[in-house]
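Below: one structure, written as C-alpha cells.
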Amino acid sequence: MDMLPLLCAVAVAFTGLARGAGVLPDAHLNAAVGETVMFTTTVTLPETQVAIIRWKFGDKDITFFNLNNFTTPEYVSRITLFMSTGSLELRSLTLNDSGEYSISILPPGEKPMDGTTTLSVYERVSNVMVNANSTDLNQDFSVRLSCSSSGASLSFFWLNGSSQVTASDRVQLTDGGSTLTMNVTRYDQGPFSCRVSNPISNATSSQIHLSISYGPENINLEINPPLGNYEVGSDISLSCLADSRPDPDITWFLNGDLQTDTGPHLILMNIQESQSGNYSCRAFNSKTMTEVTSSPSAVSVMKKISGASITTETNLSIEGKSFNLSCDAAGSVFHREWRKGDVELTPEDNMQLYDKNRVLSFKSLSKEETGDYFCKVSNPISQEEAKYTLVVFYGPENVKIDGPNEIPCEDTLTLICSADSVPAAAFTWKLNGTKIHNSPVLKKPNINSSLSGNYTCEVFNHITGTTLSADHQLSVTERPNQSTCSDGCIAGIVIAVLAVCGGLCGGYYMYHTRKKRTTLSVRNHPSRTGAEGQDNKAYAGTQELNYADISFSQNKDGGTVQLASQSNSEYAQIGVNNNPPAASSSPTHDAQQQQIKKPAPQPPSDVAQLYAQVRKK
C-alpha cells in the first residue's frame, strides 16, 4: 500500500487514456510502436477500502490485485496499476500489444464493475517517396506516379500543388491509392506529392514536377503601332505570340516568301513602299514537332499626298466641244473625289470619270458647266484638294440692235448692239456694207439723209471663232417746212448772191440812164389817177419795181444747188424811182395801206429788182 501513491503520480505523467464499455470509455484506442498507452477507468475507489482489480489481455491475465499485487512476468516492467481508479498504464508498445483489453473491479460489499476496450498498435509512417515513369511529357500523353512508404495500415492522398487529385475520366487511382495514372494536360505541370497516413501518424513525400510540352496554338501576330497604313520612313514592330511549351521557333514571311529574320519580334526601321505586303509568322515546337502559321496581316507603306493639281490639255473650254480635266498628285494616291462647288459629281450622260476617277470628261460643254471644280486626292494617311475654275467660252448669240428706225436730220443717232458672249466679243458696224465703227455703241451727232440705210452689227468671239450679225434699217428724214442744205450748198449760194449783186449794180446803172430818157417823153402824157380816180403824183406811172427771187438748197452730200419754191422764199426788194416825189402833199394813210396790200407786180424781163433767199440746214 505504501507504493500506491508513487504509482499514481507516475501514471498521471502519461498521456494515454483508455476508453471502453462499462467502466472504460467506449472508444478504440490507437498507439504507435514504442509509445505508452493509458487505460483509464471512469470510477473512483474509496481509499479506506481495498477493492479487487483484475486486468486481462484477451484471455491472458496481466495483473491481479487483492491485498497483494500479482503481475504476469512479461508485463512486470511495462505496466503500472492505479489503485484509486483501477486504471492501467502499458509502456513500450509492440505490434503484438494490439487486441482487446478488459477490467473487473469488485469493491467491498458492492457489485462487480466490468469494462472492455480495444488497442491497436501501429508503426509510424515514414520514408514516403513518389516516383514517375516520365517527367518530360507531351500534352495528352499518359504518366504513372507511384507512392511508397514504411508503416502499417497506410492511406494514400495525392496533391497537385495544394489541391487534392481525385479520380476522374482521365485520372485513375490504383494499388490502394498508391499509384496515380493520368493523361496529362498543360495544366498538369505539378508539383505533385503523396501524403501517407495511418491512425497514429502521417507523412508527405517530396514534390515532383512534370514538364508538359504542348502547342504551338492560338498564334497571333501583333503590329505596333496598330495602324495598318504607314508613312514611308516609319518604324514598325511586329510580334508573334503563340501558346507553346517550350517556346517555339519563330520564322517570318512576307507575301509567302521566307524572310531571313527569326525570333518572336520583327523590327522594321525606316520602312519603304517595297516593304508593303502581307506579313505572317510560323511557330514550330521541337518537342511536339508541331507548327502553326498565323493569319496574314497587311502592312501598307505609302507616301503622303502632296502637290495636288487639276490640269487640262487645252484651255479652250468652248461650248459644244469636249473637254477633260485631269487630277494628279505626288504620293500614293488611293482615291479621287470630284465636286462642283459643294455638290459631289457622279457620272451622267454628258460627264464621265475615267482612269480611276483621275480624268473628268465632258462630252459637250455647255455654259452651265462654268464654275469652280474641286478634286480631293487621298490615301489612308493624308489628303489634299485642288481647285480649277472652269470658264466655258460661248457665243456670240442673241445679237440685237437697239435704236430708232427713223430719225430727223440734225438729230444725234445712237444705236446699241448687244450679244451674249464669253469672253466679251468685238463689235463692228457697217453702213450699207461699208465699215464705219468698232464698238458696241454707234453715236452720230447732227446726222443727215446720207446716213440713211442698212446698219449691220457684226459680233466676233476670238476664242470660239464665231461671228454673228444683226441688221437695222434707218431712215433720216427732213424736218417739216425746212430744206436741208450742206456746207457746200451754202458756199454755192454765197457765190451766187455775189454774182447777182454785181449784176444788179450794172443793171441799175443802165436802167437809170435809160430811165432819164424815158422821163423826158413821159412828162407830156396825162397823169395816172389814184385809187379814187385822182391823180397820184407821189406814185406816178413812171415808178417801176424790179424783183429777183432766188432760192437755193443743197444736200449735205455735196449735190447740186436747186431753186426752191417761190411760195417759201424770203425776198430782198430793191425799188428804183427815177422821179422825185411831187411837190404836192403826200398820199393819205389809207392810200398807203392800200398800196401796201397790193400784190407785188411781176417784174418785166429787164427789171433790175432782185429777191434772194438763202437757207442753210
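No experiment lies behind these values; they were computed from the predicted model shown.
No donor-acceptor contact under 3.5 angstrom links the side chains of Glu231 and Ser234, judged on distance only. When only modelled atom types and interatomic distance are considered, Ser211 and His209 share no side-chain donor-acceptor pair under 3.5 Å. Judged purely by distance below 3.5 Å, without hydrogens or angles, the side chains of Arg124 and Ser201 never pair a donor atom with an acceptor atom. The closest side-chain donor-acceptor pair between Ser274 and Gln272, if any, does not fall under 3.5 angstrom. Residues Thr293 and Arg282 bring a donor and an acceptor atom of their side chains to less than 3.5 Å of each other. Between the side chains of Asp420 and Asn398, at least one donor N or O lies within less than 3.5 Å of an accepting N or O. Between the side chains of Ser332 and Glu273, at least one donor N or O lies within less than 3.5 Å of an accepting N or O.
Taking 4.0 Å as the cut-off between side-chain N and carboxylate O, Glu385 and Arg336 do not count as a salt-bridged pair. Between Lys387 and Asp372 there is a salt bridge, since at least one side-chain N of the basic residue sits less than 4.0 Å from a carboxylate O of the acidic one. Ion pairing of Glu458 with Lys430 is present here, as a side-chain N (NZ or NE/NH1/NH2) and a carboxylate O approach within less than 4.0 Å. The pair Arg170-Asp188 counts as a salt bridge, with a side-chain nitrogen and a carboxylate oxygen less than 4.0 angstrom apart.
Side-chain contact check for Phe192 versus Leu210: some heavy-atom pair is nearer than 4.5 Å. Counting heavy atoms from C-beta outward, Ser326 and Arg358 have side chains that approach closer than 4.5 Å. Using a 4.5 Å heavy-atom threshold, the side chains of Leu154 and Val125 count as touching. Contact check for Asp140 versus Val184: no side-chain heavy atoms found under the 4.5 Å cut-off. Residues Ile271 and Val232 form no side-chain contact, since every pair of their non-hydrogen atoms from C-beta on lies 4.5 Å or further apart. Looking only at side-chain heavy atoms (C-beta outward), Leu180 and Leu173 come within less than 4.5 Å of each other. A heavy-atom distance below 4.5 Å is not found between the side chains of Thr466 and Glu397. In this structure, Ser361 and Tyr354 have side chains that are in contact, with non-hydrogen atoms separated by less than 4.5 Å.
At most 12 heavy atoms of other shown residues, nucleotides or ligands fall within 6.0 angstrom of atom CD in Glu313. Residue Asp342 places its CG atom among 12 or fewer non-hydrogen atoms of other residues, nucleotides or ligands, all under 6.0 Å distant. For Asp355, the CG atom sits in a packed shell: over 12 heavy atoms of surrounding residues, nucleotides or ligands are nearer than 6.0 Å. Atom NZ of Lys340 sits in a crowded spot, with more than 12 heavy atoms from other residues, nucleotides or ligands closer than 6.0 Å.
The two residues Ser300 and Ser276 come nearest to each other via the heavy atoms C-OG, 3.8 Å. Residues Gln352 and Pro347 share a closest heavy-atom pair of OE1-CB, 3.8 Å. Closest approach of Ile250 and Cys240 over heavy atoms only: CG2-CB, 3.8 Å. Among all heavy-atom pairs drawn from Cys194 and Val130, the shortest one is CB-CG2, 3.3 Å. Among all heavy-atom pairs drawn from Ile223 and Ala298, the shortest one is CD1-O, 4.4 Å. Between Asp243 and Tyr214, the shortest heavy-atom distance links the atoms C-CE1, 4.0 Å.
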| said: One pair to check against side-chain contact (heavy atoms from CB on, under 4.5 Å): Asp235 and Leu268. What are the steps and the verdict? | reply: CA-CA 6 Å; Asp235 297 336; Leu268 302 177; over 6 Å; no

Next on the checklist: One pair to check against side-chain contact (heavy atoms from CB on, under 4.5 Å): Thr181 and Arg144. What are the steps and the verdict?
Outcome noted: CA-CA 4 Å; Thr181 304; Arg144 185 175 68 254; 3.6 Å; yes

Could you please spell out the steps behind the side-chain contact (heavy atoms from CB on, under 4.5 Å) verdict for Ile436 and Leu442? CA-CA 9 Å; Ile436 61 173; Leu442 173 64; 4.0 Å; yes

Between Asn224 and Ser237, is a side-chain hydrogen bond (donor to acceptor under 3.5 Å, both in side chains) present by the stated rule, with each step listed? CA-CA 5 Å; Asn224 188 39; Ser237 174; 5.8 Å; no

Audit row: Lys444, Leu451, side-chain contact (heavy atoms from CB on, under 4.5 Å) steps and yes/no:
CA-CA 9 Å; Lys444 292 285 187 180; Leu451 297 180; 4.3 Å; yes

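Annotation: the span from Met351 atom CE to Trp338 atom CH2 amounts to 10.0 Å, rounded to 0.5 Å. To the nearest 0.5 angstrom, Lys367 atom NZ is 13.5 Å from Ile318 atom CD1. With rounding to the nearest 0.5 angstrom, the OG atom of Ser153 is 9.0 Å from the CG atom of Asn30. In this structure, the separation between CD1 on Ile447 and OG1 on Thr412 is 8.0 Å, given to the nearest 0.5 Å. With values rounded to the nearest 0.5 angstrom, Lys363 atom NZ is found 6.5 Å from Asp349 atom CG. The line from OG of Ser317 to CG of Leu390 is 5.0 Å long, rounded to the nearest 0.5 Å.
The backbone N or O of Val476 sits less than 3.5 Å from a side-chain atom of Ser452, completing a donor-acceptor pair. One N or O on the side chain of Asn461 and one on the backbone of Tyr394 form a donor-acceptor pair closer than 3.5 Å. Under the 3.5 Å distance criterion, the side-chain polar atoms of Asn198 are matched with a main-chain donor or acceptor of Ala152. A distance-only check finds a donor-acceptor pair linking the side chain of Asn350 to the backbone of Ser364 [under 3.5 Å]. A donor-acceptor distance shorter than 3.5 angstrom exists from the side chain of Asn379 to the backbone of Ser382, with no hydrogens or angles considered. In this structure, the side chain of Tyr230 engages the main chain of Pro225 through a donor-acceptor pair within 3.5 Å. One N or O on the side chain of Ser98 and one on the backbone of Val121 form a donor-acceptor pair closer than 3.5 Å. With hydrogens and angles ignored, the 3.5 Å screen pairs a side-chain donor or acceptor of His472 with a backbone N or O of Pro404. The main-chain N or O of Asp471 is never found under 3.5 Å from a side-chain atom of Asn454 such that the two would form a donor-acceptor pair. A distance-only check finds a donor-acceptor pair linking the side chain of Thr370 to the backbone of Val392 [under 3.5 Å].
The aromatic rings of Trp429 and Tyr455 sit perpendicular, their planes meeting at an angle over 60°, well past the 30° parallel limit.
A side-chain hydrogen bond (donor to acceptor under 3.5 Å, both in side chains) check over residues 245-266, counting only residues at least two apart or in different chains, returns the pairs Ser239-His265.
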